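Below is one structure, written out as structure tokens; the observations come after it.
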Amino acid sequence: MVCVAGKCLPSARNVSKVVHMSSNTMMKMSHTHSHMLMLWGQFLDHDITLTPQRQTLTSCCTYDGVWRDSENTGKCEPKTSVRQRLRSLQSGGQGSGGSTRISMSFDVCMALEVDDDTFGFGHTCIDFQRSLAVPSSSCDLGYREQINQVTAFIDGSQIYGSTETMSSELRTHVNGTLVTSRHNFLPPEDNVHQQLYDECVTSSGTENCFKAGDNRVNVQPGLSSIHTLFMNEHNRIARILIRQLPSTVSSNNADEFVYQETRKIVGALLQHITYNEFLPVLLGEANMRKYNLLNNKLKRSKLRYNSQHQPGIRNEFATFAFRVGHSLVPEGLVPTDASYTKHGSGMAYFDNLLMNPHLLYRFGVGDVLRGVIAEPVKQPSPELSHHLEKTFRFSNRTAGGLDLAAVNIQRGRDHGVPSYTVMRRLCRLPVPESFADLDMPDKVKNKLMRVYNSVEDIDAWTGAVSERRMPGAMIGRLNACIIGRQFRSLRKGDRFCFPSYIAAGQLAEVYNVTLATILCNNIENMATVQPQVFYLVQWNQLANRRVSCDQIPTLNLDSWFTK
Ligand code: HEM
Ligand SMILES: [Ca+2]
């Protein structure tokens, strides 16, 4: 990777160490927003983006955390040397880099070199496999392009699957319901899947990792919990609808009819919560207006489908902008009982929770999610939580630990994402010409100056998470531009965006619902809840105090088909 001056860019690992690692083990937490803000972001992300990597290679590092092959790395190769090697290949010479080695190093691995021992494992290599490259639609040569392996629409594909086979496996094929396991947990992950990804580990023989429509369901127990919540909401709705089947539906068709109708409702709920509760907090009122994202209750005409809007996920959205969520991840989860009292064990830190569901078996979905709405989200800042950045490990595939900030930066370089200043220009934002021009606190500017030679070299993810927050928002201007535009296209370009396909009476019911409704409907012992769960109770002791679930608006499914 070459910088504007033609020299090597700083390694992603080095940028991460200087800019994204905290010197302080105590991160600043929000006084106003709950951990749910980050969790919904992750759950939503898994509905709309998944950039696959090749699964044939176990790791670009050996299990001992050293280089698998010295050519097989993400080490910088200044332009001249690449050109020379290509010329040598074209002229039939083998030179110092034979074709196999060139294609290996270009195609599969960009592993990160660790020149220190922060992880304390003595490893010198962090695994990084390049995203799969796909041929262009015209099948001719061009720049490298990646794909999205899930449906980009907010349609609950993380719950139901993005393929026919997966959605069929997740269905009981009786009365429109989804498969569950004991305690109304998600079904167990099957062995074939476990072997393929070799990621999720269980603490005891009686515990399983879980299966859902998206294979990242086991990344952390908060995520598995919200998956379980929505699977249960599907089954709850299906059980109500099966009792009021229209006479035109034969009993042979009952399962399919109820499944599709329920899925339609759950999809509408996901879209409604995203545009009504989540995005206003993330982007702030001004951006909601600017990008035409306001909910415009019942005004269908404002939400008319526009076939000119390309609803696919933009590379820059998945590869850097929406990864702003990584800067919101707190240190861990704090399971909380029905009266919102923390369990004696206090916080369970993420470094022990990733790809291991034991917390869910110990405390259950209710206690995990109550903690998620009662505890704060991390204040947005370029520094990632200690427990994500330091000992972050995903079982064997990443034996050397995983530095999430470095991986985000490296992923941007893998996809050829333009630099921070170029992205600002593309968003028609003022373009900084020097470090002094950056709209960031001095402390952050100094760190950037220490690691980059020029302001034009700053990686997009690094620059975007370092920007000052916009007033009333949780993110800076560049991320607001990419995220705002993406969610506008996702809605305008979605022919099945919910206000356009459900009846007016049904629409009014969906508009009633908040995420608090779903929690109340499905969690045992959920006696009280704050109405706005993306905010903490202390944000507004009066408006957001905990109230009985009876006072939370419900989704009235009575006479659904005649509404
Ligand atoms: C505990 C919390 C989280 C963990 C452990 C986590 C971990 C990861 C990992 C390991 C990747 C793959 C990185 C790569 O190889 O390029 C990833 C990708 C990503 N993450 Fe997160 N993440 C978390 C939360 C979030 C949140 C809160 C958001 C957004 C609000 C988010 C958005 C994304 C996006 C957009 C991608 C790229 C997805 C794709 O296209 O494949 N993540 N995350
Ligand atoms: Ca989807």
Side-chain angles (χ1 to χ4, degrees), residues 12 35-53 60 110 112 126-132 146-163 167 199 213-216 218-224 226 263 267 270-271 274 278-279 281-282 311-333 349-351 353-355 372 377-378 380 384-385 387-389 392-394 397-398 402-415 417 461 465 474-475 479 482-483 486 490 494 496:
H35 183 141
M36 186 53 94
L37 183 65
M38 112 65 194
L39 182 56
W40 188 266
Q42 191 181 24
F43 185 55
L44 169 66
D45 182 68
H46 295 181
D47 190 336
I48 59 183
T49 79
L50 171 60
T51 315
Q53 294 145 32
C60 290
M110 280 172 61
L112 291 140
I126 301 177
D127 186 27
F128 186 98
Q129 306 194 13
R130 295 196 68 180
S131 302
L132 267 185
Q146 295 74 26
I147 42 166
N148 185 4
Q149 214 172 37
V150 296
T151 65
F153 300 112
I154 304 172
D155 58 358
S157 52
Q158 79 279 43
I159 305 164
Y160 301 102
S162 284
T163 62
S167 25
E199 281 177 344
D214 184 90
N215 62 33
R216 293 162 291 185
N218 297 302
V219 163
Q220 54 109 345
L223 184 66
S224 320
I226 199 157
R263 191 176 167 172
L270 293 170
Q271 291 183 7
T274 298
F278 171 74
L279 287 175
V281 176
L282 189 75
I313 296 294
R314 317 292 192 264
N315 212 320
E316 55 274 21
F317 174 86
T319 313
F320 83 86
F322 209 48
R323 294 179 190 222
V324 67
H326 294 163
S327 73
L328 298 172
V329 181
E331 306 287 9
L333 291 161
Y349 293 101
F350 273 129
D351 45 2
L353 298 182
L354 301 170
M355 292 295 183
V372 166
V377 76
K378 180 183 151 294
L384 263 54
S385 284
H387 292 271
L388 269 189
E389 123 249 295
F392 186 75
R393 303 178 72 190
F394 270 179
R397 280 219 310 150
T398 50
L402 183 80
D403 174 339
L404 192 52
V407 168
N408 289 335
I409 296 164
Q410 192 79 334
R411 190 65 67 200
R413 296 178 183 184
D414 165 15
H415 288 213
V417 165
W461 181 78
V465 292
M474 295 295 270
I475 55 179
N479 277 334
I482 310 285
I483 295 173
Q486 181 67 67
L490 276 179
D494 182 356
F496 297 107

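This structure is a prediction, so every number in the text was calculated from the model and none was measured. Both counts, for ligands and for their atoms, begin at 1 and track the order of listing.
Among H326, H35, Q410, M474, the residue whose heavy atom lies nearest to atom 18 (C) of ligand 1 is H326. The closest non-hydrogen atom to atom 13 (C) of ligand 1, taken over H415, Q146, R323, comes from R323. The residue among L333, I147, L404 with a heavy atom at the shortest distance from atom 7 (C) of ligand 1 is L404.
Rounded to the nearest 0.5 angstrom, L44 CG and T49 OG1 are separated by 9.0 Å. Remark: R314 CZ to I483 CD1 distance equals 13.5 Å, nearest 0.5 Å. Atoms CD and OG1, from Q149 and T163 in turn, are 9.5 Å apart once rounded to the nearest 0.5 Å. Taking CZ from R263 and CG from D155, the interatomic distance works out to 5.0 Å, rounded to the nearest 0.5 Å. One finds the CG atom of D47 at 8.0 Å from the OG1 atom of T274 (value rounded to the nearest 0.5 Å).
Close approach of ligand 1 to L50 (heavy-atom distance below 4.0 Å) involves ligand atoms 39 (C), 40 (O), 41 (O). Counting atoms of ligand 1 from 1 in the listed order, those under 4.0 Å from a heavy atom of A318 are 35 (C), 37 (C), 40 (O). Using a 4.0 Å cut-off to heavy atoms of V407, the atoms of ligand 1 that qualify are 13 (C), 14 (C), 15 (O), 16 (O). Shown in contact with V219 at under 4.0 Å from a heavy atom are these atoms of ligand 1, numbered in order with element: 5 (C). Near G41, meaning under 4.0 Å from one of its heavy atoms, ligand 1 places the atoms 29 (C), 30 (C). Atoms of ligand 1 lying under 4.0 Å from any heavy atom of Q53, numbered from 1 in the order shown and given with element: 15 (O).
For the Ca ion (ligand 2), the set of nearby N, O or S atoms under 3.0 Å includes one belonging to S157. Taking 3.0 Å as the threshold, Q158 does not count as a candidate ligand of the Ca ion (ligand 2), since none of its N, O or S atoms lies below it.
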Original post:
For M474 and V324, what are the C-alpha separation, side-chain angles and deciding distance, and is it a side chain to side chain contact (heavy atoms under 4.5 Å, CB included)?
Top reply: CA-CA 10 Å; M474 295 295 270; V324 67; over 6 Å; no

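Distances between N or O atoms of R411 and those of ligand 1 include at least one value under 3.5 Å.
Side chains of L270 and W40 form a contact here, defined as non-hydrogen atoms less than 4.5 Å apart.
Contact detail for S385 and E331: the closest heavy-atom pair is CB-OE1, 3.4 Å.
Proximity of L328 to ligand 1 is not established, as no heavy-atom distance is less than 4.0 Å.
Donor-acceptor pairing under 3.5 Å is lacking for the side chains of W461 and T319.
Between F278 and F322, the angle of the ring planes goes over 60°, which puts this pair in the perpendicular group of the 30/60° scheme.
Vertex the Ca ion (ligand 2); arms to D47 atom OD1 and F153 atom O; angle 80° (nearest 10°).
When non-hydrogen atoms are compared, ligand 1 lies under 4.0 Å from the backbone of T51 as well as from its side chain. Under 4.0 angstrom from ligand 1, there are no non-hydrogen atoms of I313.
Among heteroatoms of the N, O or S kind in D155, OD1 lies nearest the Ca ion (ligand 2).
For the pairing with F320, the side-chain contact (heavy atoms from CB on, under 4.5 Å) check across I482, N408, I409, V465 returns one residue only, I482.
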